[in-house]
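Throughout, protein chains are lettered first and strands after them, A, B, ... in sequence-line order, and every chain is numbered starting at 1.
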Amino acid sequence: MKLKGAEILIRCLKGEGVDTVFGYPGGAVLPIYDVLYDSDLRHILTRHEQGAAHAADGYARATGKVGVCIATSGPGATNLVTGIATAYMDSIPMVCFTGQVGTAVIGRDAFQEADITGITLPITKHNYLVEKTEDVARIVKEAFYIARSNRPGPVVVDLPKDVMEREIDYQAPEEEISIRGYRVMKGYNSGQVIAAVESILKAERPVIYAGGGVIASEAAEELRELAEKRKIPVTTTLMGMGAFPGNNYLSLGMLGMHGTRYANYAIGESDLLIAIGVRFDDRVTAKVDTFAPHARVIHIDIDAAEIGKNVEVDVPIVGQVKEVLQAINKRLDSVDKFTDWHKTIDRWKEEFPLRYGNSAEGRIMPQNVIEKIYSLTQGDAIICTEVGQNQMWAAQYYQYKHPRSFLSSGGLGTMGYGFPAAIGAKIARPELPVIDIAGDGSIQMNIQELGTAVQYKLPVIICILNNEYLGMVRQWQGLFYGGRYSFTDMSHQPDFVKLAEAYGAIGIRVKNEDDVEGALQQALQVNDRPVVIDFWVDREADVYPMVPPGSSLFNMLGGD
Amino acid sequence: MRKHTLSVTVENKPGVLTRVTTLFRRRGYNIDSLTVGASENPSISRITIVVEGDERVIEQVIKQLYKLVDVIKIIDLTAERAVERELVLIKVKADNNVRAEIVQIVDIFRARIVDIGRETLIIECTGDTGKIDAIEESLKPFGIVELVRTGKIAIIRGSK
């Protein structure tokens with residue numbers, strides 16, 4: 001059968017089970033868009049390539065499937081870079097197709113030429129420049145295989161225009177994938193599993209520290225079984241929100257720089273830390289040499305390079321979190337006794353709950369908005385965030401009950417991530433309310449995607465916690481730079497309500513705490529377009545508790 | 001801190017060397033020397049990297065290298081019985097007064113003179129790193145005009 005490169009590409013995408021791609025056309029991808037024109041593959045036209053990358057990422061996080069985006073060569077491809085780096089830092093499976101100038105002119109600084117495989121080398125799990133039409137099918141197959149297996153991550157496939165245009169005798173690629181330097185991880189060291197079980201049986205003050213790896217491995221059930229069987233308190237990282245139900249008695253909420261006091265104290269006092277699908281990030285460990293100082297450490301992760309990278313580990317187990325947890329659970333009996341350890345933690349919870357004061361200016365407290373969103377959705381929604389204070393409040397004051405219900409740029413900390421990610425999530429899970437919790441700074445970084453959400457009738461709700469500041473940076477300037485608010489005042493801003501309306505979305509402004517719930521209720525009723533709610537929140541509200549940079553995890557400011 | 005010699009077999013494809021060096025740069029590992037060339041299999045190249053670091057750093061280097069899809073196998077030759085060689089070309093000042101002395105040194109090291117100029121000689125020498133260091137040291141007093149070392153290549157002894 002004679003097929004063009006672009007036809008092979010689209011055929012292979014469908015073969016991989018892709019139903020939706022996010023993209024933006026341009027010169028070098030004209031052959032691909034010509035095939036998309038009468039394909040039944042759903043293409044979502046974003047308003048910026050960065051939006052396409054984050055939307056594909058949001059789609060992937062909401063479903064566990066591989067997210068797919070397409071951009072043209074040169075600036076189209078470089079506009080994806082922030083989205084690719086975001087996915088890389090958070091181990092999100094994505095395949096990004098970029099157009100490239102024709103093979104005859106590569107390397108000659110042709111119009112809209114950029115070396116995107118070179119540029120994305122350190123921010124992709126792997127990347128390809130496809131040199132022959134004959135290679136398209138095999139490379140697409142490999143790209144999806146690499147993106148979704150082991151520790152997931154983004155893969156870039158760069159497609160020169162002539163490779164897409166040329167017609168060849170098409171033969172389906174072999175089913176078996178064989179890549180000499182890449183094998184899918186199976187099994188685990190059972191001796192280490194036994195060592196872990198023995199440590200758990202001996203521990204008096206165990207804590208589970210769970211992260212994004214639990215969600216990536218679809219192991220939330222296994223985690224819950226382990227925690228409940230042995231009555232082990234669980235704290236999650238930002239990436240692990242939803243891996244363990246926030247409303248479970250054993251939940252300690254988030255740990256780290258803006259974690260709960262009781263989570264951080266528990267780490268400090270623990271004699272056994274069970275680290276599952278985590279990477280001991282600096283925002284979690286704080287001063288690393290005083291992290292979990294009394295604890296034996298079990299570390300379960302799919303990526304061998306994460307073991308011992310930042311912290312010495314006593315019982316390393318390399319393997320799929322789900323498989324390893326099943327093996328551990330099988331060897332453990334249930335206990336129902338609560339111990340002094342639980343009493344100690346209960347006391348901390350009572351003494352140091354998350355709390356916030358009233359607004360001196362009589363404005364809305366931002367934490368209150370998050371609590372209202374929780375009371376109205378009860379955890380049955382997908383919450384996306386931007387980055388900064390909005391992100392931390394969203395992590396602290398909402399109880400995530402399900403995996404894949406909290407989408408946030410944890411590793412890279414990308415402002416402008418949340419809204420396009422919410423678009424991807426809404427397309428993936430139309431039955432759930434999808435709410436982006438934003439700041440007035442972050443939302444302006446990808447606000448053009450209102451056009452996308454309106455065009456595709458996506459009822460995404462954007463809650464702007466508007467304090468007219470780049471709040472997190474202002475908070476640090478207040479605490480550590482003598483209150484010199486250098487370029488963090490954002491009070492010169494558009495009328496977000498009018499802006500929403502100009503795009504054809506619904507805009508609501510809320511200035512009083514009493515109106516918060518009503519506005520949210522109204523927004524949750526809308527089913528055919530996005531809603532922007534501009535909450536005028538307390539300008540000086542800060543995120544607490546907080547571990548100051550360079551401090552130990554248990555030396556926290558605020559919230560006491 | 002100890003120097004480790006890693007023998008890394010990789011896919012013989014464009015860009016693979018960049019992937020390896022980008023990884024070293026990004027993670028801040030120090031490369032002492034790096035050589036790359038063909039292996040017995042035309043689809044596989046062999047990179048020999050000498051890298052300095054404590055055990056933890058070397059372990060990270062190896063694990064991070066394994067994450068590169070194009071890296072097939074890594075052997076830490078430091079722990080193995082291996083034959084290691086380097087090649088050096090040294091252009092040394094050599095007027096008539098000292099030529100005889102230089103020739104003597106060349107003989108002692110079983111090196112070779114590969115070019116004779118009016119004022120200089122070019123000397124070629126192979127050997128392990130220690131030997132190359134030693135000949136370099138011995139010729140220094142005469143004035144080294146230019147020097148180029150290949151970096152180390154290595155292979156395990158015996159049938160392994």
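Counted within 6.0 Å of CZ on B:R27, heavy atoms from surrounding residues, nucleotides or ligands total more than 12; the atom is thus considered enclosed. Atom NZ of B:K131 is surrounded by more than 12 heavy atoms from other residues, nucleotides or ligands within 6.0 Å. By the neighbour-count criterion of 12 heavy atoms within 6.0 Å, atom CD1 of B:I155 is sparsely surrounded, having that number or fewer from other residues, nucleotides or ligands. Atom CZ of B:R110 has 12 or fewer neighbouring heavy atoms from other residues, nucleotides or ligands inside a 6.0 Å radius. Applying the 6.0 Å contact sphere to CD of B:E119 captures no more than 12 heavy atoms from other residues, nucleotides or ligands.
To the nearest 0.5 Å, atoms CD (B:Q64) and CD (A:E306) are separated by 7.0 Å. Note: A:E131 CD to B:K13 NZ = 10.5 Å, rounded to the nearest 0.5 Å. With rounding to the nearest 0.5 Å, the separation of OG1 in B:T22 from CD1 in A:I123 is 12.0 Å. If you take OH on A:Y182 and CD on B:E11, they are separated by 14.5 Å, rounding to the nearest 0.5 Å.
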* Asked: Would A:E312 and B:R56 satisfy side-chain contact (heavy atoms from CB on, under 4.5 Å), going step by step from the backbone distance to the final call?
  -> CA-CA 10 Å; A:E312 297 275 0; B:R56 199 163 153 181; 3.3 Å; yes
* Might you work through the side-chain contact (heavy atoms from CB on, under 4.5 Å) test for B:R26 and A:L121, ending with a clear yes or no? => CA-CA 11 Å; B:R26 175 168 114 66; A:L121 209 62; over 6 Å; no
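Contacts between A:R183 and chain B at a heavy-atom distance below 4.5 Å are absent for every atom of the residue. Looking at B:L68, only its backbone comes within 4.5 Å of chain A, counting heavy atoms on both sides. In this structure, chain A has heavy atoms under 4.5 Å from both the backbone and the side chain of B:V69. Of the two parts of A:L129, neither the backbone nor the side chain holds a non-hydrogen atom closer than 4.5 Å to a non-hydrogen atom of chain B.
Looking at every heavy atom in both residues, B:D70 comes nearest to A:H126 through OD2-CE1, 3.6 Å. Between A:R180 and B:N41 the shortest heavy-atom distance is NH1-ND2, 4.0 Å.
Of the possible donor and acceptor atoms, none in the side chain of B:K67 sits under 3.5 Å from a partner among the backbone N and O of A:D303.
Ranked by non-hydrogen atom pairs under 4.5 Å with chain B, the options A:P122, A:A304, A:A305, A:G118 are led by A:A305.
Side chains of B:R19 and A:T117 form no contact here, defined as non-hydrogen atoms less than 4.5 Å apart.
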